[in-house]
Structures are given as structure tokens and as C-alpha cells.
Amino acid sequence: MSDPDLSVAARFVVLAEASPGLLSRLLQPLAKRDLVPDRVQARRDGEAMRVEIALDAMPAGMVHLVAGNLAQVVGVIESQGGAEVLRAA
């Protein structure tokens, strides 16, 4: 059984085809879990866009779910995600 106080800092990096609706599609997996990112950075490079989404704390059990959802977003070419364990106070 997992510790309910366990939270993690997470960072997801996505490379995707640049399109007008890309950023909102990438934020949807967080929004539907009632998560708000602490940082979002997006940079266009020709036909592609590199987007980094970071959260200072999120439930550990959601990290792999969000990472999987991000990888399935239309236009995503590559997706990486990770977490760093932090004890919630």
C-alpha cells in the first residue's frame, strides 16, 4: 500500500509537431486530474515544438498515468517524464 503523504516533483518533456491546439492538448492530462503545472515552457523549432511541463508536487501514483497520456497526444513525436520523491510536510 502506498503512503498517502508521498508526493513527487515531476518534469515531462515532449517533442511534438507544432500546431495551434498542441499546448492545450498537452495540459489536458493534468487538468483532468485537477493538477496545475508550476512551470510550462514551450519553444518552436521549425515544424516541431519542445514543451517542458514541471510540477513541484504531485501524487506519485499519477506520474506514470500523466506520462502515458502525454505520449498519446496527437502530434507527439517523443515524450519523456520523471519524478523525484519528496515527503509532503
Side-chain angles (χ1 to χ4, degrees):
M1 213 162 172
S2 65
D3 183 347
D5 292 333
L6 185 64
S7 65
V8 295
R11 184 173 73 106
F12 305 95
V13 179
V14 175
L15 180 64
E17 299 169 1
S19 68
L22 176 65
L23 294 176
S24 61
R25 289 194 307 270
L26 291 175
L27 293 175
Q28 185 62 30
L30 292 116
K32 73 180 183 182
R33 291 176 176 85
D34 204 26
L35 298 171
V36 178
D38 293 293
R39 290 173 300 288
V40 176
Q41 182 178 8
R43 182 177 306 191
R44 185 173 176 169
D45 185 16
E47 297 296 315
M49 185 170 282
R50 182 183 184 276
V51 181
E52 181 177 332
I53 302 169
L55 294 93
D56 291 340
M58 70 181 287
M62 289 188 186
V63 174
H64 74 282
L65 299 173
V66 171
N69 288 154
L70 289 173
Q72 294 176 345
V73 169
V74 173
V76 169
I77 299 164
E78 182 180 330
S79 177
Q80 299 174 356
E84 196 172 294
V85 177
L86 298 173
R87 284 279 172 190

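One is the number of the first residue; the rest follow in order along the sequence.
Neither Ile77 nor Val73 shares a network with the other; the hydrophobic side chains, linked directly or stepwise wherever heavy atoms of I, L, V, M, F, W or Y lie under 4.5 Å apart, form separate groups for each. When hydrophobic clusters are built by joining Ile, Leu, Val, Met, Phe, Trp and Tyr residues whose side-chain heavy atoms come closer than 4.5 Å, directly or via intermediates, Leu35 is not grouped with Leu65. The hydrophobic cluster containing Val13 does not contain Met49, counting ILVMFWY residues as joined when their side-chain heavy atoms lie under 4.5 angstrom apart, directly or transitively. A continuous path of ILVMFWY side-chain contacts below 4.5 Å connects Leu27 to Met62, so both sit in one hydrophobic cluster.
With sequence neighbours excluded, the residues forming a side chain to side chain contact (heavy atoms under 4.5 Å, CB included) with Arg39 are Ala54, Asp56, listed by chain and number.
Smallest separation of non-hydrogen atoms from Val66 and Phe12: CG1-CZ, 3.8 Å. Summarising the geometry of Ala57 relative to Ser7, their closest heavy-atom pair is CB-OG, 4.2 Å, with the distance given to 0.1 Å. Heavy-atom minimum distance, Leu30 versus Leu55: CD2-CD1, 3.4 Å.
Screening Val51, Leu15, Leu26 for a side chain to side chain contact (heavy atoms under 4.5 Å, CB included) involving Val76 leaves a single residue, Leu26.
Remark: the backbone N or O of Val74 is paired with a side-chain donor or acceptor of Arg25 at under 3.5 angstrom.
The neighbour count for Arg11 CZ, taken as heavy atoms of other residues, nucleotides or ligands under 6.0 Å away, does not exceed 12.
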